[in-house]
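To keep things clear, I will list the structure first and then write my remarks on it.
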Amino acid sequence: MRYILYMLVISMTYVVSVKAEDIAKPNSTSWWLKSPLDHPELLDKTLYHVEGSYSFTNMTGNIEGDIHKVKLLNFLRYDYFTMHFNFVIDKYNITTFEDNSGKSESENKVSSDLQIAEFALDYDLSKHFNIETGVIWEKDMKQSVLDRWSYYAGFGFNHHFLNNHFLDFTIAGGMVELDYGLPREILDMFDVQKDPDAYLFFLQSYSWAITKNIMFKEKFHYFPNITESKRFRYSLDVALLFSVWDFLSIMIEHNRRFDNDAKNIYTFTTDTKTLVGIQLQY
């Protein structure tokens, strides 16, 4: 199924390259945060926007290590259709010392590799309502998840108010299938989702342009299992950006992820981190 996502991304890149000479860049309007009908004068234009960010944190002392996060966001719009593709790499390598001595014989190394790719296609029915279908791929080595594929379709609500507030909300239904990358005889020892199952998808984002040079961003995803209500997961990301130039911002972000299946394979259910970095946009 991953080839479907690859083809969608390739198609998006193709459209951008072919239409490059026709692409408009009215970035001052922040069109990617609004409905196409907020700017009807742009409906006959191809619009493209990209954001890339890098953030990190470093720890020394009884806990030593680095956390690195890279994020790429792409938005492509023509008429009432909007495609967006997001890709995130979140890695850390941490060393702890069992007796706080700092000696190599008591050290314990922990590493994680989280990758997320999201692709969605929206069609606006009106100024505030749209339909959306999408696919999300995840790899989470901390939980031994090699592939988690989520497919969904549903309805969305988009509202731009008071000139500087941007709210987007989608509720959808779909399915999730996982590959834990473990032999079945070992996987059967754990109480985790082993087969494709039905899920609800709640996708919400909010942006607030506090001033011309300060932006607050928030993103919340909640995925409850329909057939087994005890299984659910969510993620929350908040960020504060300080614009240096039109294309460059300094960023402080906080991330929180929860998956209650994690406890069944003896890992932490909740991960939180705070990082600093930069964001580039075009």
Nearest atoms (heavy-atom pairs only) where L33 meets N158: O-ND2, 3.7 Å

Given side chains that start at C-beta, do those of I250 and V244 come closer than 4.5 Å, heavy atoms only? yes

Below 4.5 Å, heavy atoms only, C-beta onward: do L200 and I171 meet side chain to side chain? no

What pairs with E138 under salt bridge (Lys or Arg N to Asp or Glu O under 4.0 Å), at least two apart in sequence or on another chain? R148, R233, R257

State the OG1-CG distance between T46 and L76, to the nearest 0.5 angstrom. 7.0 Å

Aromatic plane relationship, F161 with H165 - under 30° parallel, 30 to 60° tilted, over 60° perpendicular: parallel

Do the charged groups of K217 and E51 touch, with an N to O distance under 4.0 Å? yes

Please report the closest heavy-atom contact between V135 and Y152, naming both atoms and the distance. N-CE2, 4.1 Å

For the aromatic rings, using the six-membered ring if either is Trp, is the centroid distance between H39 and W31 under 6.0 Å? no

Answer whether the closest heavy-atom distance between the side chains of F129 and F155 falls below 4.5 Å. no

Heavy atoms of N255 and L275 approach each other most closely as OD1-CD1, 3.3 Å

Can you label the angle between the F75 ring and the H49 ring as parallel, tilted or perpendicular, going by 30° and 60°? tilted

Look at the side chain of N164 and the backbone N and O of A209, then say whether any donor-acceptor pair between them is shorter than 3.5 Å. yes

Just verifying a value: how many Å separate Y206 OH and E218 CD, rounded to the nearest 0.5 Å? 9.0 Å

Y234 ring center near F223 ring center (under 6.0 Å): no

With the threshold set at 4.0 Å, does a side-chain nitrogen-carboxylate oxygen contact exist between E118 and K71? no

Under the criterion side-chain contact (heavy atoms from CB on, under 4.5 Å), I'd like the reasoning laid out for V88 against K69: C-alpha separation, chi angles, the key distance, then a yes or no. CA-CA 7 Å; V88 177; K69 186 174 182 179; 3.8 Å; yes

Taking all non-hydrogen atoms of both residues, which atom of S126 and which atom of L37 are closest, and how far apart? C-CD1, 3.5 Å

Does a side chain donor of either W137 or D147 reach within less than 3.5 Å of an acceptor in the other side chain? yes

Enter the distance from L167:CG to H128:NE2 here, rounded to the nearest 0.5 Å. 11.0 Å

All heavy atoms of P224 vs all of F232, minimum pair found to be CA-CB, 3.8 Å

Does CZ in F242 sit with more than 12 non-hydrogen atoms of other residues, nucleotides or ligands closer than 6.0 Å? yes

Between L72 and V70, is a side-chain contact (heavy atoms from CB on, under 4.5 Å) present by the stated rule, with each step listed? CA-CA 7 Å; L72 180 66; V70 178; 6.0 Å; no

Side-chain donor or acceptor of S243 paired with backbone N/O of N213 under 3.5 Å: no

Using every non-hydrogen atom in the two residues, find where E41 and K45 come nearest and quote the distance to one decimal. O-CE, 4.2 Å

Considering only NZ, NE, NH1 and NH2 on the basic side and carboxylate oxygens on the acidic side, decide whether K139 and D113 come within less than 4.0 Å. yes

The salt bridge (Lys or Arg N to Asp or Glu O under 4.0 Å) partners of D90 (sequence neighbours excluded) come to K273

Hey, are the side chains of L43 and P36 touching, using non-hydrogen atoms and a 4.5 Å cut-off? yes

So L125 and N130, do their side chains get closer than 4.5 Å, heavy atoms only? no

Plane angle bin for F201 and Y199 - parallel if under 30°, tilted between 30 and 60°, otherwise perpendicular: tilted

F169: what forms a ring pair (Phe, Tyr, Trp, His ring centres under 6.0 Å) with it, not counting sequence neighbours? none

Once you round to the nearest 0.5 Å, how far does OH of Y123 lie from OG1 of T82? 11.0 Å

Output the distance between atom CE (M251) and atom CD1 (I278), rounded to the nearest 0.5 Å. 8.5 Å

Taken to the nearest 0.5 Å, the spacing of M83 CE from R77 CZ works out to 11.5 Å

Could you check whether any side-chain heavy atom of I214 comes within less than 4.5 Å of a side-chain heavy atom of L241, counting everything from C-beta outward? no

Could you please spell out the steps behind the side-chain hydrogen bond (donor to acceptor under 3.5 Å, both in side chains) verdict for Y80 and D122? CA-CA 8 Å; Y80 294 94; D122 297 347; over 6 Å; no

Full working for side-chain contact (heavy atoms from CB on, under 4.5 Å) between D124 and F81: CA-CA 7 Å; D124 280 68; F81 290 94; over 6 Å; no

Using the rule given for side-chain contact (heavy atoms from CB on, under 4.5 Å), can you reason through M215 versus S249, listing the C-alpha separation, both sets of side-chain angles and the distance that settles it, and then say yes or no? CA-CA 10 Å; M215 172 75 80; S249 298; over 6 Å; no

Among side-chain atoms of Q279 and Y54, is any donor-acceptor pair under 3.5 angstrom? no

Side-chain heavy-atom pair D237, F220 within 4.5 angstrom cut-off: no

Any side-chain donor paired with an acceptor under 3.5 Å for T227 and N225? yes

Y151 vs E177 side-chain heavy atoms within contact, under 4.5 Å: yes

